[in-house]
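In what follows, a single structure is set out as structure tokens and then discussed.
All figures in this text were calculated on a predicted structure; none of them were measured in a lab.
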Amino acid sequence: MNLKSFLFLLLTLIVIVSCNSKEEKNGYRHVLYRSVNNNDTAILAINISDKRFYGRYEISHYKFGKDSGDVRGDIFGDTLRGDFHYITYGGGWKRIPLALLKKEDKLLLGSGVIGTFMNLPCFMPGTSIDYTNSGFVFEELK
């Protein structure tokens with residue numbers, strides 16, 4: 001093996017290893033939240049770090065069924081923004097944007113104008129997200 005081949009192989013391995021490195025999962029803590037809105041109940045089980053979150057979200061609609069799926073996103077100060085990819089109680093897959101405001105050990109579910117960008121739903125830039133009339137106010141279960 002000549003020097004050029006060795007250097008090319010070494011460079012290729014370094015690129016592969018660096019591209020495959022993932023964020024350390026040990027920096028996450030598991031938190032379980034629950035919220036009740038009239039007869040509907042929502043459970044949010046997330047793993048959270050300083051910058052990101054991921055986990056499961058389930059909304060039980062009284063007498064209709066449930067929406068259940070995965071959440072993931074980024075944390076900006078006291079706001080968790082990401083998406084909810086779930087299967088509806090009718091049987092189809094959907095994806096919607098998700099915004100949660102952390103306030104006094106609670107998470108307030110935000111609502112806003114939803115649009116699409118590159119075929120993915122998102123809150124429209126330039127519009128505000130409303131947390132005052134939150135359908136769900138999540139409290140941490142200890």
Tyr86 versus Ile96: any side-chain heavy-atom pair under 4.5 Å?
yes
Set of side-chain contact (heavy atoms from CB on, under 4.5 Å) partners for Lys103, sequence neighbours left out:
Leu108
Please set out all donor-acceptor pairs under 3.5 angstrom arising from side-chain atoms of residues 114-130, sequence neighbours excluded.
unit_1: Thr127; atom_1: OG1; unit_2: Met124; atom_2: O; d: 2.6
unit_1: Asp130; atom_1: OD1; unit_2: Thr132; atom_2: N; d: 3.0
unit_1: Asp130; atom_1: OD1; unit_2: Thr132; atom_2: OG1; d: 2.5

How long is the span from the NZ atom in Lys94 to the OG1 atom in Thr88, to the nearest 0.5 Å?
7.0 Å
Hey, can you tell me if Tyr57 and Phe84 have their rings parallel, tilted or perpendicular (30° and 60° cut-offs)?
tilted
Separation of Asn37 CG from Leu109 CG (nearest 0.5 Å):
9.5 Å
For residues Val31 and Phe53, determine if any side-chain heavy atom of one lies less than 4.5 Å from a side-chain heavy atom of the other.
no
Report whether Leu80 and Val137 are members of the same hydrophobic cluster (ILVMFWY, side-chain heavy atoms less than 4.5 Å apart, transitive linking).
no
Quick check on Asp105: does its CG atom have over 12 non-hydrogen neighbours (other residues, nucleotides or ligands) under 6.0 Å away?
no
Are Tyr131 and Thr79 side-chain neighbours, meaning at least one heavy-atom pair lies under 4.5 Å?
yes
Minimum side-chain heavy-atom gap Ile43-Leu32 below 4.5 Å:
yes
Could you list the donor-acceptor pairs under 3.5 angstrom formed between side-chain atoms of residues 58-74 and any protein atom two or more places apart in sequence or on another chain?
unit_1: Glu58; atom_1: OE1; unit_2: Lys66; atom_2: NZ; d: 3.4
unit_1: His61; atom_1: NE2; unit_2: Asp67; atom_2: OD2; d: 3.0
unit_1: Asp67; atom_1: OD1; unit_2: Tyr89; atom_2: N; d: 3.3
unit_1: Ser68; atom_1: OG; unit_2: Arg56; atom_2: NH2; d: 3.2
unit_1: Asp70; atom_1: OD1; unit_2: Arg56; atom_2: NH1; d: 2.8
unit_1: Asp74; atom_1: OD1; unit_2: Arg52; atom_2: NH1; d: 3.0

Might you point out which heavy atoms bring Ser49 and Tyr28 nearest each other, and give the distance in Å?
N-CD2, 3.6 Å
Distance check, rounded to the nearest 0.5 Å: Leu98 atom CG versus Leu44 atom CG?
7.5 Å
All heavy atoms of Asp40 vs all of Phe136, minimum pair found to be O-CE2, 4.0 Å
To the closest 0.5 Å, what do you measure between CD1 (Ile48) and NE2 (His30)?
11.5 Å
